[in-house]
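To keep things clear, I will list the structure first and then write my remarks on it.
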Amino acid sequence: MNIDRAVEQLRTLISNNEYAFSPYIRNLVLAEYKNISPLTKIDFSFPITALVGANGTNKSSILKALYGTVDGVSLGHIWFNTAVDEVQNPSYFYTYNLYNDDKSLIVTPEVRLTKVPRKGRPDEWETSRPNSNYGMTPFNTFPEEIRSLSGNLTRWEKVKKEAVYLTFRDTVSAFDKFWYYGDSHKYWNNLAKRKKIIRKRSNGLARAISEKKKSFNYDGKERIINRTSKELDSQLVQKISDILGSKYDEIYVIHHIFFNTPGFTFKLKKSGVDYTEAFAGSGEFAVINLVLKLSEIPQKSLILLDEPEVSLHPRAQKKLMEYLISEVLSKKHQVVIATHSSNIIKYLPPDAIKVFRENSSQQVELKSQYSSVDEAFLELGDDPADIKYIYVEDKAAQAIIERVIFLSSELNSELFKIIYFGGGAEQLYKIVGCSSAIDGNYNKYIFFDGDQNTDVPFPKVESLTQAELSTLYQLIENSIGIATNKVVPLDSDRTSHNSIEIMKKFIKWCGSQVHFLPEETPELLILKSLGKDISNMSGSDAKQYFLDEQEKMRQQFSSISDVDVAHIYKGLELQKIDLNDENFKKIEDLLISIIR
């Protein structure tokens with residue numbers, strides 16, 4: 001599969017014909033949900049979405065919220081109160097489109113879900129009336145003929161589609177459940193008896209498989225669950241073989257309770273050798289389980305995958321993504337993945353990558369509806385060597401630097417990655433600067449807008465006096481214009497040996513890796529390079545100038561989004577500037593100094 005071409009096909013399909021995926025969840029708004037920043041909105045503009053972030057950024061909880069969106073599923077089944085974990089009364093809502101038979105849009109319902117404990121049902125979730133404080137449209141404002149589509153007099157109903165939610169816990173085989181986790185069995189502490197039970201029960205399991213039984217009574221109990229006992233067809237076996245990079249001849253599946261707990265056994269045949277999950281790798285079992293589940297669900301289902309990369313090597317992760325993309329193209333599924341793997345996200349477009357991080361208030365926030373693979377790599381701590389990574393505050397700065405590299409005969413674009421990093425100067429100094437300083441990573445640079453330049457140079461580490469060491473905290477603050485403890489992890493004693501050493505590393509790194517673009521903002525830089533008089537113009541004035549010009553363009557192309565108009569307009573303006581411009585030449589010289 002040409003994965004880039006397949007992704008482009010998906011882009012075209014969802015952009016031109018969302019009806020083909022309908023009912024399709026368009027966005028999710030986490031109004032009051034765990035420690036996620038209130039009213040965090042996640043757009044699903046691409047059929048495959050990756051949730052990326054450090055541990056503890058609630059990616060799995062977001063998957064669970066999505067699982068609760070479909071009709072017939074309650075979030076209370078998998079998230080409930082205990083004596084040690086109390087669930088506060090959370091609330092969130094989501095939207096989907098309803099279409100006529102002629103594919104014309106009727107309405108976009110906003111479905112609000114709230115935990116409403118009832119007597120005897122403490123974990124009850126139900127649809128609730130729209131909440132105007134969340135920015136929702138009151139139900140009674142819709143015409144009666146539209147409201148009648150709901151079947152409820154006061155609120156919208158849940159979306160009607162199938163959902164499958166797979167986590168690594170779902171990939172534990174019947175053998176492993178009993179052998180490693182079967183501590184409820186009375187012989188759990190007796191190794192010899194555990195072996196004896198497995199050997200004895202395996203006789204019945206082997207017979208059920210060899211005779212392809214749909215029903216099997218053993219020790220007075222029916223052991224096969226829902227008559228699930230079958231050999232996978234050749235197409236499914238081939239898909240599994242492709243993902244795992246190994247040729248399987250046969251795969252037999254049986255869902256049973258031979259080992260006292262419900263679980264799957266997969267009997268595999270490869271190169272003439274038969275074996276079950278007891279001797280298979282966990283990656284084999286996970287992939288077979290995933291492919292089996294997806295083969296059983298109807299078209300246009302919601303597929304939620306929690307860290308599917310677990311136990312899979314990088315090639316298998318790539319092949320898994322190829323498989324998922326193929327399934328979405330052919331069956332119009334919607335897939336959301338929580339992942340820590342760069343191999344899972346590297347093939348996705350920016351609007352499909354949602355990066356989450358914890359802010360200074362310890363709330364989890366969505367960085368942007370658009371995140372490049374490079375930005376996600378940063379969150380994952382994964383960055384290739386030998387490339388100069390230049391982080392900038394805004395996309396206009398990114399475009400300017402990329403334009404300079406394109407024009408310069410002295411620079412090779414393959415040597416640079418220009419990364420837009422939203423979040424402001426403080427986050428750039430903290431996430432990129434401090435972490436790189438501590439790690440000794442000198443392949444990363446920060447190019448700030450000119451308005452961040454305090455004109456106070458960083459002191460030279462090698463020439464610091466004892467008196468300066470005792471005031472290093474203040475010297476850094478003078479240079480960056482931000483309180484030092486907001487970007488550098490310090491001990492309570494700022495003059496401790498540990499604090500001094502960290503600050504020295506930070507100063508040394510910033511002294512060579514932090515630079516400032518000419519002019520206060522990229523907009524001022526572009527306008528000056530175009531020959532406009534900016535002597536009486538502020539950065540805000542320049543931004544407004546661009547907004548006004550972009551609005552004139554947008555009025556001519558109503559089908560183009562505001563974001564696209566902004567990129568197109570600035571791109572057209574930048575094309576008018578060449579390296580004869582003084583500011584562009586300064587940037588070129590700076591980039592050349594980095595690589596030489």
Side-chain angles (χ1 to χ4, degrees), residues 164 166-182 185 187 191 193-297 305 308-313 315-317 319-320 323 327:
V164 57
L166 293 178
T167 73
F168 182 59
R169 288 178 290 279
D170 292 323
T171 63
V172 180
S173 69
F175 174 89
D176 288 344
K177 281 184 178 181
F178 179 78
W179 186 251
Y180 296 108
Y181 309 110
H185 193 278
Y187 295 128
L191 179 62
K193 287 191 175 181
R194 265 196 292 158
K195 288 182 179 180
K196 185 177 180 180
I197 290 169
I198 288 179
R199 288 189 175 116
K200 179 183 177 183
R201 299 285 178 82
S202 294
N203 292 324
L205 178 59
R207 183 181 165 192
I209 294 173
S210 64
E211 297 178 13
K212 300 183 179 180
K213 289 186 173 291
K214 297 288 186 180
S215 176
F216 194 92
N217 191 290
Y218 187 89
D219 276 357
K221 290 183 180 180
E222 173 58 55
R223 298 290 173 172
I224 300 178
I225 300 173
N226 295 329
R227 299 178 62 80
T228 302
S229 178
K230 62 182 179 181
E231 185 175 321
L232 297 188
D233 65 49
S234 58
Q235 287 186 330
L236 290 183
V237 173
Q238 185 59 52
K239 289 177 180 178
I240 294 165
S241 298
D242 287 344
I243 295 171
L244 292 171
S246 186
K247 174 65 177 173
Y248 294 90
D249 303 316
E250 296 175 7
I251 300 176
Y252 195 92
V253 175
I254 182 169
H255 195 196
H256 64 89
I257 53 171
F258 278 100
F259 301 142
N260 291 335
T261 183
F264 279 92
T265 285
F266 300 148
K267 182 147 188 202
L268 316 175
K269 185 174 184 179
K270 182 171 67 173
S271 302
V273 178
D274 292 351
Y275 60 98
T276 70
E277 79 281 359
F279 290 91
S282 57
E284 283 181 298
F285 188 89
V287 168
I288 296 170
N289 185 58
L290 173 64
V291 173
L292 175 64
K293 289 287 198 305
L294 268 55
S295 73
E296 296 173 340
I297 58 177
L305 306 177
E309 69 270 13
V310 172
S311 299
L312 296 181
H313 58 79
R315 181 200 169 278
Q317 293 176 28
K319 288 294 183 180
L320 175 63
Y323 163 72
E327 289 292 293

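Predicted model only: the values in this text are computed from it and were never measured.
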Review point. Is the count of non-hydrogen atoms from other residues, nucleotides or ligands lying under 6.0 Å from Lys200 atom NZ greater than 12?
Key: no
Check your understanding: Is a donor on one side and an acceptor on the other found under 3.5 Å between the side chain of Asn226 and the backbone of Thr228?
Key -> no
Check your understanding: If you take all heavy atoms of Lys214 and Ser229, which pair is closest and at what distance?
Key -> NZ-O, 2.8 Å
Review point. From Phe285 CZ over to Leu292 CG, what is the distance, rounded to the nearest 0.5 angstrom?
Key: 9.5 Å
Exercise for review: Please say whether more than 12 non-hydrogen atoms of neighbouring residues, nucleotides or ligands are located less than 6.0 Å from CG in Asp219.
Suggested key: yes
Review point. Between the main-chain N or O of Ser271 and the side-chain N or O of Asp249, is there a donor-acceptor pair closer than 3.5 Å?
Key: yes
Exercise for review: State plainly whether the residues Glu327 and Lys239 are in salt-bridge range, i.e. N to O under 4.0 Å.
Suggested key: yes
Study note, to complete from the structure: Of all heavy-atom pairs linking Leu232 and Val237, the shortest is O-CG2, 3.8 Å
**Study point:** All side chain to side chain donor-acceptor pair (under 3.5 Å) counterparts of Arg315, not counting sequence neighbours
**Key:** none
Check your understanding: So do the side chains of Asp274 and Lys267 get within less than 4.5 Å of each other, counting heavy atoms only?
Key -> yes
Check your understanding: Do the side chains of Thr265 and His256 get nearer than 4.5 Å, heavy atoms only?
Key -> yes
Check your understanding: Is Lys269 close to Tyr275 at the side-chain level, that is, under 4.5 Å between some pair of heavy atoms?
Key -> no
Point to revise | Ring-ring centroid check Tyr252 Phe266, cutoff 6.0 Å | key: no
Review point. Can you list the residues that meet the side chain to side chain contact (heavy atoms under 4.5 Å, CB included) rule with Ala208, with sequence neighbours excluded?
Key: Phe216, Ile224, Ile254, Phe258
**Study point:** Check against side-chain contact (heavy atoms from CB on, under 4.5 Å), Phe259 and Leu205
**Key:** CA-CA 9 Å; Phe259 301 142; Leu205 178 59; 4.1 Å; yes
Check your understanding: Does atom NZ of Lys247 have more than 12 heavy-atom neighbours, drawn from other residues, nucleotides or ligands, at distances under 6.0 Å?
Key -> yes
**Study point:** Reported CG-to-CG distance for the pair Leu320 and Leu305, which is rounded to 0.5 angstrom
**Key:** 7.5 Å
Check your understanding: Tyr248 and Glu284: side-chain donor and acceptor closer than 3.5 Å?
Key -> yes
Check your understanding: Just how far is it from atom CG of Leu290 to atom CD1 of Ile240, taken to the nearest 0.5 Å?
Key -> 9.0 Å
**Study point:** Under 3.5 Å donor-acceptor, Gln317 side chain and Leu312 backbone
**Key:** yes
Review point. What distance do His255 atom NE2 and Arg223 atom CZ have between them, rounded to the nearest 0.5 Å?
Key: 13.5 Å
Check your understanding: Please walk me through it: do Glu296 and Lys230 pass salt bridge (charged side-chain N to carboxylate O under 4.0 Å, His left out)?
Key -> CA-CA 13 Å; Glu296 296 173 340; Lys230 62 182 179 181; 3.6 Å; yes
Check your understanding: Given side chains that start at C-beta, do those of Val253 and Phe264 come closer than 4.5 Å, heavy atoms only?
Key -> yes
Check your understanding: Who pairs with Glu211 by side chain to side chain contact (heavy atoms under 4.5 Å, CB included), at least two apart in sequence or on another chain?
Key -> Arg207, Lys213
Check your understanding: Is a side-chain donor-acceptor pair under 3.5 Å present for Lys293 with Asn289?
Key -> yes
Practice item. Considering non-hydrogen atoms only, spot the tightest contact between Pro262 and Ile225 and give its length. Key: CB-CD1, 3.7 Å
Check your understanding: Is any side-chain heavy atom of Ile288 closer than 4.5 Å to a side-chain heavy atom of Leu268?
Key -> yes
